[in-house]
Amino acid sequence: MTNNGDAVEINIEEMLKGAWAPVTTECCIYKVPFSIRRHNEEAYTPKVVSIGPFHHGHPRLQDMEKHKLFYSMAFLQRTQTTSDSFIGKIEEMEPEFRRCYSHTLEFSKEQLVKIIFVDCAFILELFCRVHDQLLKEDDDMCLSKPWLSNNIMYDLLLLENQVPFFVLERLFNLSFSSRGGPSFLKLTFSFFKEFNRSGLNFNNINRIRHFTDLIRTFHLQDPLPSRIDGKIIKHLPSVTELSEAGLRFKVLESESCLLKLDFSGRVLEIPQLVVEDGTETLFRNMVALEQCHYPFQSYITDYVDFLDFLVNTNRDVDILVQERVFLNWLGDTDSVATMINGLMKDIATSNDTSSQYLDVSEKLNAFHKNPWRKLKSTLRRDYCRGPWQTAASTAAIILLILSFVQTVCSILQVIHQ
């Protein structure tokens with residue numbers, strides 16, 4: 001077998017002629033549109049390992065090619081799967097998975113089969129080693145270095161860096177057809193467990209298109225909220241404006257789903273969001289998937305859009321951090337505000353929005369417009385910031401009332417004379 005790390009030469013003119021494949025119902029792996037990608041190229045580009053045809057041959061990713069080959073051979077040897085049966089199965093599926101890519105692939109059938117062979121066997125071996133600690137070796141290149149294993153995990157959730165899930169599953173079943181043990185879906189859940197915030201059970205999954213699709217599914221509510229056609233959020237006060245109007249922000253402790261909101265009285269409860277180095281990459285790829293594949297089921301986009309309204313400055317972030325709604329692992333609040341404000345740039349919103357976000361937005365707008373709430377909040381902010389200031393303000397009011405009463409009594413006494 002030849003080294004698949006060598007880039008395949010492509011004629012530029014031919015590439016331009018067929019840059020886009022007709023988007024079919026099978027299409028589920030996309031190149032991120034330029035208008036979105038340009039705002040943060042790094043968030044959509046693998047850092048250490050290419051998976052699938054879109055980034056194959058990238059010079060920066062060549063160092064991992066020999067390790068992918070090593071893992072591929074290790075998987076075949078350990079499962080006693082012949083390379084001929086593995087490649088034969090991939091050749092059989094080639095027309096099916098080629099249609100899953102949004103762009104025309106300028107690879108021949110033989111070239112594409114080799115790419116998928118190495119990438120799929122690498123993933124299968126990686127998942128097996130992560131699931132079964134006994135398979136890990138002390139000198140394991142991919143798993144013995146935390147920085148590398150973390151980068152590999154994030155590379156595997158990028159929208160452009162995918163192979164269809166059904167290909168991986170069929171190859172896994174081919175290799176373990178006569179053995180017991182966990183399903184590939186269970187291994188996948190084990191590998192991406194830190195993203196499974198809601199504790200979704202793999203037995204409740206109907207269909208996964210690829211890993212980006214699975215990560216998005218981890219973040220969805222069950223059941224999904226209804227969507228209201230023809231209505232979108234047009235305005236929402238910022239966290240600072242709402243806070244000045246008397247609104248309190250609180251962590252929704254009982255809810256594991258990130259998208260859930262609860263507003264009652266003057267308290268808005270939001271599930272806690274951990275903001276770390278990979279947060280922008282995570283949300284950008286989920287939103288990009290919704291832009292390309294789920295334009296009318298854009299629940300992640302609704303959540304990001306809601307945050308974008310709430311957070312405008314570092315002051316907004318400070319308030320949410322103080323209330324533990326945000327756990328800021330980036331350290332710099334300006335970076336958090338900039339990240340959130342950048343997520344919705346050039347993102348198209350559909351003509352329908354999640355009913356819960358519309359309902360909460362309408363209530364928050366009404367809350368902010370209430371003049372009495374603003375007055376009470378202003379008085380509380382200016383005269384009752386602490387116990388001593390509250391005591392002083394109360395004493396001043398009492399003195400004012402006593403002075404007023406004394407003045408009235410004096411006037412009455414003069415009148416009666």
Side-chain angles (χ1 to χ4, degrees), residues 10 12-47 49-58 60-61 97-107 112 115 154-165 208-220 227 232-233 259 278-309 338-354:
I10 299 173
I12 298 297
E13 291 184 3
E14 291 300 318
M15 182 181 71
L16 293 175
K17 287 179 183 177
W20 287 89
V23 177
T24 67
T25 53
E26 295 92 346
C27 181
C28 62
I29 301 172
Y30 303 85
K31 281 195 173 182
V32 178
F34 172 75
S35 59
I36 301 173
R37 175 180 247 283
R38 66 191 177 95
H39 293 294
N40 188 345
E41 292 261 353
E42 291 296 311
Y44 309 104
T45 306
K47 291 179 173 62
V49 60
S50 70
I51 298 295
F54 284 160
H55 292 277
H56 178 74
H58 194 292
R60 188 175 72 180
L61 307 175
F97 65 70
R98 185 183 283 269
R99 291 194 297 268
C100 292
Y101 293 91
S102 62
H103 283 53
T104 297
L105 303 180
E106 299 296 332
F107 297 97
L112 186 58
I115 291 170
Y154 273 93
D155 281 353
L156 291 182
L157 62 78
L158 303 180
L159 178 58
E160 296 182 352
N161 212 38
Q162 300 296 320
V163 291
F165 191 83
I208 299 173
R209 292 172 173 82
H210 44 69
F211 296 148
T212 317
D213 192 43
L214 174 64
I215 299 300
R216 173 182 176 269
T217 303
F218 281 157
H219 287 78
L220 298 182
R227 301 183 69 81
I232 59 173
I233 301 174
L259 309 186
T279 301
E280 181 170 0
T281 295
L282 178 69
F283 279 104
R284 279 192 176 276
N285 280 272
M286 289 193 293
V287 169
L289 174 60
E290 290 191 339
Q291 289 286 287
C292 297
H293 198 80
Y294 298 106
F296 304 109
Q297 296 174 295
S298 51
Y299 297 100
I300 307 297
T301 306
D302 289 346
Y303 170 77
V304 173
D305 193 33
F306 187 82
L307 281 188
D308 190 33
F309 276 113
T338 300
M339 181 202 74
I340 292 174
N341 294 158
L343 289 175
M344 286 299 292
K345 286 183 178 178
D346 285 314
I347 298 298
T349 53
S350 62
N351 239 357
D352 61 348
T353 305
S354 171

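Note that these values count all heavy atoms, side chains included, but never hydrogens, waters or copies made by symmetry. Everything numeric here is computed off the predicted structure, so don't read it as measured data.
When all heavy atoms of Thr212 and Leu157 are compared, the closest pair comes out as OG1-O, 2.9 Å. When all heavy atoms are compared, the tightest approach of Cys28 to Leu289 is O-CD1, 4.3 Å. Taking each heavy atom of Gln297 and Arg216 in turn, the nearest pair found is O-NH2, 2.6 Å. Nearest approach of Leu343 to Glu280, heavy atoms of both residues: CD2-CG, 4.0 Å. Nearest approach of Leu61 to Val49, heavy atoms of both residues: CD2-N, 3.8 Å.
Proximity of Asn341 to Asp308: side-chain heavy atoms (C-beta onward) are separated by under 4.5 Å at one or more points. Side-chain contact between Thr217 and Ile208 is absent, with no heavy atoms from C-beta onward closer than 4.5 Å. Ile29 has its side chain within reach of Pro164: a pair of non-hydrogen atoms, C-beta onward, lies under 4.5 Å apart. Within the 4.5 Å cutoff, the side chain of Phe107 has heavy atoms near those of the His56 side chain. Side-chain contact between Met344 and Thr301 is present, with at least one heavy-atom pair separated by less than 4.5 Å. No side-chain heavy atom of Ile300 sits less than 4.5 Å from a side-chain heavy atom of Tyr303. For the pair Leu158/His55, no side-chain contact is recorded, criterion being any heavy-atom separation below 4.5 Å from C-beta on. Counting heavy atoms from C-beta outward, Pro46 and Ile51 have side chains that stay 4.5 Å or more apart.
Under a 3.5 Å cut-off, the side chain of Arg98 and the backbone N or O of Leu105 do form a donor-acceptor pair. A donor-acceptor pair under 3.5 Å links the side-chain atoms of Asp302 to the main chain of Ser354, judged by distance alone. Side chain of Asn285 to main chain of Thr281: a donor-acceptor pair is present (N/O by atom type, distance under 3.5 Å, no hydrogens or angles). Without hydrogens or angle criteria, His219 side chain to Ile215 main chain gives a donor-acceptor distance under 3.5 Å.
Screening Arg284, Glu160, His39, Arg37 for a side chain to side chain donor-acceptor pair (under 3.5 Å) with Tyr44, the sole residue that qualifies is Arg284. Checking each of His293, Glu290, Arg227, Gln291 against Ser298 for a side chain to side chain donor-acceptor pair (under 3.5 Å) leaves exactly one that passes, namely Arg227.
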Evaluate side-chain contact (heavy atoms from CB on, under 4.5 Å) for Thr45 paired with Arg60, printing each intermediate quantity in order.
CA-CA 11 Å; Thr45 306; Arg60 188 175 72 180; 3.5 Å; yes
Phe54 and Ser102: CA distance, side-chain angles, deciding distance, side-chain contact (heavy atoms from CB on, under 4.5 Å) verdict:
CA-CA 10 Å; Phe54 284 160; Ser102 62; 4.2 Å; yes
Hey, mind stepping through Asp213 and Tyr294 against side-chain hydrogen bond (donor to acceptor under 3.5 Å, both in side chains) and telling me if it holds?
CA-CA 10 Å; Asp213 192 43; Tyr294 298 106; 2.7 Å; yes
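Atom CD1 of Ile340 sits about 9.0 Å away from atom CZ of Phe283, to the nearest 0.5 Å. In this structure, CD1 in Ile233 is found 6.0 Å from CZ in Phe309, a value given to the nearest 0.5 Å. The line from CG of Leu112 to OH of Tyr101 is 7.0 Å long, rounded to the nearest 0.5 Å.
Applying the salt bridge (charged side-chain N to carboxylate O under 4.0 Å, His left out) test to Asp305 and every residue at least two apart in sequence or in another chain returns nothing.
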